[in-house]
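Worksheet for the structure shown next.
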Amino acid sequence: MCYGRPTARKVTAPKRRRARLVQPKSGPSVPFEAPRFIWWDGRIHAWDDASVHVSRLQWSALGAPFEAMRAYFDPASSTSFVFGLDAHLRRMAHSMRVMEIREPSIETLREATLEVLRRNGARADEYIRIFAWFEDGAAYTTEQPTHAFVLSRTFPSRLAEDFSWTASVVSWRRLDETTVPVRVKAAANYQNSRLAALEALRNGYDFGVLLNARGEVTEGPRECIFLVLDGVLVTPPLSAPVLDSITRRAVLRIATHLGIPVVERVVLRGELYEATEMLACSTASEIVPVVSVDKVVLGTGRPGPVTTRIRELFREVVYGRVELLADLRTAVSKP
Ligand code: PMP
């Protein structure tokens, strides 16, 4: 790793700047407010000091593993909780191993995540991005120096908002293991997601559902999917394939806690239209009710009772207001 490449300037906090960040509707669109600090290559930097020369951004993102997490700030207890910190870091370790990027260590990234939250104040809901990449060079080697950053920025939860999405099945098929390892979160895999999200948006929907090569349901561009079919919560298995999502795992545990029958099994396309409820879930999108697929209205066309119960309890969980899933919460110590 190239520690020390950035100039060793004194770390001073620049003023916050606002800029519009345009995102597909399949993820929440939040104005980007630059945080004061970022962790880059081994230490905390002031936001404006963390830059690389454009010439290094060529093939470098191809092999880049990354993670996204959220920290939830509970004003009542004045505590910020990272949700699923160790689970996300385990997945990062897996992605790094497969992409053959060896540094930094997961322990370093764990400490960096907590440190960047502490330094930025962590008194709001935050979105955290970990990104590791090879410096530009020959595309197909692993010999180049590597870099990594941990960025946290304010990103309010939408769990208390009453909104829903419309979905369509997109024409692009989900990547599968015959071409790339789909269980890793690597930047290059996301061209598939991007095309799917853009197709759905262009056609006037909020969310695109990807099928696999056999025509079975997999997931969204960056969200896993659950359906309610005959009162049972059904989700495609990891082998569909879908990403081994931390939120998906949490939804499975919450549903079990609520006594809702759950099953992981192959989901056929036609079942999308039979469902009385559907929800999409991920770190960025949290839990979102989906009220129609290809203009076929699901249930009443409003967020249904199963989705609502799961979403409400998920909200209590992430803010640390219930004991449930305490193993997934890491409190950020005060600066
Ligand atoms: N599927 C895909 C393809 C994703 O990129 C994501 C976001 N990481 C998810 C599902 C949801 O995963 P998680 O709950 O871990 O954010």
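We number each residue from 1, following the sequence as shown.
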For Phe134, all residues meeting ring-ring contact (aromatic ring centres under 6.0 Å, His included), sequence neighbours excluded: none
Worked check of side-chain contact (heavy atoms from CB on, under 4.5 Å) between Arg329 and Val317: CA-CA 9 Å; Arg329 290 188 295 266; Val317 162; 3.9 Å; yes
Residues Phe207, Trp165; criterion ring-ring contact (aromatic ring centres under 6.0 Å, His included); working and verdict: CA-CA 7 Å; Phe207 178 64; Trp165 284 348; 5.3 Å; yes
Close side-chain approach of Arg102 to Thr146, heavy-atom, < 4.5 Å: no
Summary of side chain to side chain donor-acceptor pair (under 3.5 Å) pairs that have at least one residue in residues 257-272, sequence neighbours excluded: Arg248-Glu264, Arg265-Glu271, Arg269-Tyr273, Arg269-Asp294
Test side-chain contact (heavy atoms from CB on, under 4.5 Å) applied to Ile128 and Leu117, step by step: CA-CA 9 Å; Ile128 304 147; Leu117 284 167; 3.9 Å; yes
Whether Thr113 side chain and Leu109 backbone form a donor-acceptor pair below 3.5 Å: yes
Donor on one side chain, acceptor on other, Thr307 and Glu277, under 3.5 Å: yes
Ser171 side chain to Glu199 side chain, donor-acceptor N/O pair below 3.5 angstrom: yes
salt_bridge(Arg110, Glu115) N-O dist < 4.0 Å: no
Pi-cation contact, Tyr190 with Arg222 (under 6.0 Å, within 45°): no
Non-neighbouring partners of Arg302 that pass salt bridge (Lys or Arg N to Asp or Glu O under 4.0 Å), sequence neighbours left out: Asp162
Shared hydrophobic cluster for Trp47 and Phe131 (ILVMFWY, side-chain gaps under 4.5 Å): yes
Sequence neighbours excluded - salt bridge (charged side-chain N to carboxylate O under 4.0 Å, His left out) pairs with any residue from residues 174-194: Arg174-Glu219
pair Phe81-Val332: side-chain heavy atoms closer than 4.5 Å: no
side-chain contact (heavy atoms from CB on, under 4.5 Å) assessment of Thr166 paired with Val290: CA-CA 6 Å; Thr166 59; Val290 178; over 6 Å; no
From CA spacing to verdict: side-chain contact (heavy atoms from CB on, under 4.5 Å), Trp133, Phe66: CA-CA 9 Å; Trp133 77 99; Phe66 69 99; over 6 Å; no
salt_bridge(Glu126, Arg70) N-O dist < 4.0 Å: no
Any side-chain donor near an acceptor of the partner, Arg173 and Thr218, under 3.5 Å: no
Side chain proximity check, Asn192 to Leu210, heavy atoms < 4.5 angstrom: yes
Asp230 atom CG, over 12 foreign heavy atoms within 6.0 Å: no
pair Tyr72-Phe83: side-chain heavy atoms closer than 4.5 Å: yes
Under 3.5 Å: donor-acceptor pair, side chain of Ser168, backbone of Val170: no
pair Leu211-Val217: side-chain heavy atoms closer than 4.5 Å: yes
Residues that Phe73 engages under ring-ring contact (aromatic ring centres under 6.0 Å, His included), provided they are two or more places apart: none
Set of salt bridge (Lys or Arg N to Asp or Glu O under 4.0 Å) partners for Glu323, sequence neighbours left out: none
Non-hydrogen side-chain atoms of Ile310 and Leu233 separated by less than 4.5 Å: yes
Asn189 vs Val180 side-chain heavy atoms within contact, under 4.5 Å: yes
Within-4.5 Å side-chain heavy-atom neighbours: Val52 and Leu57: yes
Test item: Thr247 side-chain N/O and Thr283 main-chain N/O as donor-acceptor pair under 3.5 Å: yes
CA sep, side-chain torsions, deciding dist, call: Ser80, Arg123, side chain to side chain donor-acceptor pair (under 3.5 Å): CA-CA 7 Å; Ser80 187; Arg123 291 189 63 80; over 6 Å; no
Short side-chain donor-acceptor distance under 3.5 Å, Thr141 and Gln144: yes
Glu33-Thr154 side chain donor-acceptor pair, cut-off 3.5 Å: no
